[in-house]
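When a residue number appears, it is its place in the shown sequence, counting from 1. Everything quoted here is computed from the prediction, not taken from an experiment. Note that ligands are numbered from 1 as they come in the structure, with each ligand's atoms numbered from 1 the same way.
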Amino acid sequence: MNTIDYEQKGVVFNMQRYSVHDGPGIRTIVFLKGCPLHCRWCSNPESQRMLPNIMFEAAKCIGCGRCVQACKNGALSKQNRFFVDRTKCKTCGECVAVCPTGALTIKGKYMTVAEVVKELKKDAGAFRRSAGGVTISGGEGLVQHEFTTEILKACQAQGWSTAFETTGYADPKVSEEVFPYVNHTLLDIKSMNPTKHKEQTGVDNALILENARRIAELSQVTVRVPVIPGFNYSEEDIRAIGEFAKTLPHVDTVHLLPYHALGSNKYEMVGRTYEMETLENLKHSEVTGLAQIITDMGLSCVIGG
Ligand code: SF4
Ligand code: SF4
């Protein structure tokens with residue numbers, strides 16, 4: 001019997017209930033902070049930093065100035081395009097406490113495994129009725145691998161199925177620690193081309209491809225491909241990913257996720273500029289030809305997923 005460290009702490013930035021897209025059955029998704037990749041299309045820019053960070057939503061601000069007065073670090077100013085100077089902000093939360101409209105929030109809070117499980121227990125009935133469970137997402141849960149492992153172990157001890165949405169980017173030793181406790185992995189494979197991969201995500205793909213094999217030996221895998229014009233939106237790119245997926249054990253399905261500017265509004269809120277503003281969303285009908293390439297290889301393919 002595995003011992004579980006319920007006091008292990010990590011940084012969680014969201015828990016989303018009743019999801020039906022991130023693993024089998026009805027699931028609760030636990031979003032963890034921290035990601036070693038910086039994909040240009042990332043829909044959760046607030047997740048990339050490992051520590052809690054402040055978000056400012058200009059549309060909710062009524063300009064009352066209470067937060068500026070409350071901040072002892074001089075981090076807030078209307079002269080600043082993003083309102084918050086993140087080099088000065090200590091994420092103390094004083095401004096959040098006095099803001100009457102919720103324009104300021106802090107994303108990410110420290111939780112113990114016991115606190116996470118206590119929240120998840122509220123959904124245990126839905127997990128049981130739907131053969132669902134818990135999905136770890138992020139960010140990249142491999143960054144906080146000790147915390148992730150303990151949550152997964154605790155979920156399995158409750159009899160809940162575990163799923164993990166991951167980039168697969170981590171030390172191979174970390175994969176061996178985490179994936180024995182994962183029933184189903186949703187593994188992003190973004191490109192087989194190392195140069196393009198590095199340009200668009202900030203990291204080389206060699207470690208991801210190496211880990212993919214290890215992960216597929218340890219859990220059931222669905223390969224997920226964000227389809228991005230100007231990056232991998234081509235028959236050649238998708239065929240190469242499909243061919244790689246076919247060589248992995250326990251791969252049942254490939255999900256093609258057409259580009260959508262989801263989360264682009266959050267970039268301003270975390271003090272950044274969204275680099276892909278001019279890119280049009282891809283329609284379902286614009287990736288059906290790519291899906292056919294995957295199914296012709298004998299894999300099942302879902303658009304969206
Ligand atoms: S969280 Fe604290 S340091 Fe940061 S802007 Fe608000 S009051 Fe200032
Ligand atoms: S307290 Fe809230 S509403 Fe008032 S200026 Fe600050 S962010 Fe805007």
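Of the protein's heavy atoms, Cys92 SG, 2.3 Å lies nearest to atom 2 (Fe) of ligand 1. Protein heavy atom at the shortest distance from atom 5 (S) of ligand 2 is Gly65 N, 3.2 Å. For atom 8 (Fe) of ligand 2, the closest non-hydrogen atom of the protein is Cys61 SG, 2.3 Å. If you check which protein heavy atom lies closest to atom 6 (Fe) of ligand 1, you get Cys95 SG, 2.3 Å. Looking at atom 3 (S) of ligand 2, its nearest protein heavy atom turns out to be Ile62 N, 3.4 Å.
Because the distance cut-off is set at 2.8 Å, Cys67 qualifies as a neighbour of atom 6 (Fe) of ligand 2 through one of its N, O or S atoms. Residue contact annotation: Cys71 places an N/O/S atom under 2.8 Å from atom 8 (Fe) of ligand 1. Atom 2 (Fe) of ligand 2 has an N, O or S atom of Cys99 closer than 2.8 Å.
The shortest distance between side-chain heavy atoms of Asp204 and His197 does not fall below 4.5 Å. Side-chain contact check for Val12 versus Glu115: every heavy-atom pair is 4.5 Å or farther apart.
Checked against the 6.0 Å centroid criterion, the rings of Phe164 and Phe179 qualify as a close aromatic pair.
Heavy-atom contacts of Thr101 reach the following atoms of ligand 2: 3 (S) (cutoff under 4.0 Å). Residue contact check: Ile54 has heavy atoms under 4.0 Å from atoms 1 (S), 6 (Fe) of ligand 1. Atom numbering of ligand 2 starts at 1 in the shown order; those under 4.0 Å from a heavy atom of Phe56 are 7 (S). For ligand 1, the atoms sitting less than 4.0 Å from at least one non-hydrogen atom of Asn73 are 3 (S), numbered in the order shown with element in parentheses. Those atoms of ligand 1 that come under 4.0 Å of a heavy atom in Lys90, given as number and element, are 3 (S), 4 (Fe).
For the residues Ala58, Gly102, Ala103, Cys64, the heavy atom positioned nearest atom 4 (Fe) of ligand 2 is part of Cys64.
Judged by distance alone, the side chains of Ser130 and Arg27 never bring a donor and an acceptor atom under 3.5 Å apart. Residues Ser77 and Asn80 bring no donor and acceptor atom of their side chains to less than 3.5 Å of each other. Between the side chains of Asp252 and Thr222, at least one donor N or O sits under 3.5 Å from an acceptor N or O.
Each of Phe231, Tyr233, Tyr259 was evaluated against Trp41; a single residue qualifies, Phe231, per the ring-ring contact (aromatic ring centres under 6.0 Å, His included) test.
For the pair Lys107 and Phe13, the cation-pi criterion (under 6.0 Å, within 45° of the ring axis) is not fulfilled.
The backbone N or O of Tyr18 lies less than 3.5 Å from no partner atom in the side chain of Asp123, so there is not a single donor-acceptor pair. With hydrogens and angles disregarded, no donor-acceptor distance shorter than 3.5 Å links the side chain of Gln220 to the backbone of His184.
Contacts between Val96 and ligand 1, counted as non-hydrogen atom pairs separated by less than 4.0 Å, are absent for every part of the residue. Residue contacts with ligand 1 for Thr91 involve N, CA, C or O but no side-chain atom from C-beta outward (heavy atoms, distance under 4.0 Å). The residue Leu104 has no part lying near ligand 1, judged by heavy-atom distances below 4.0 Å.
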*Between Arg272 and Glu46, does a salt bridge (charged side-chain N to carboxylate O under 4.0 Å, His left out) hold up when you go through it step by step?*
CA-CA 10 Å; Arg272 290 169 54 190; Glu46 75 278 29; over 6 Å; no
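Ring geometry for Phe127 against Trp160 counts as perpendicular: the plane angle is over 60°, on a 0 to 90° scale with 30° as the lower cut.
At least one heavy atom of Leu76 sits less than 4.0 Å from an atom of ligand 1. Contact analysis puts Gly93 in contact with ligand 1, with a non-hydrogen atom separation below 4.0 angstrom.
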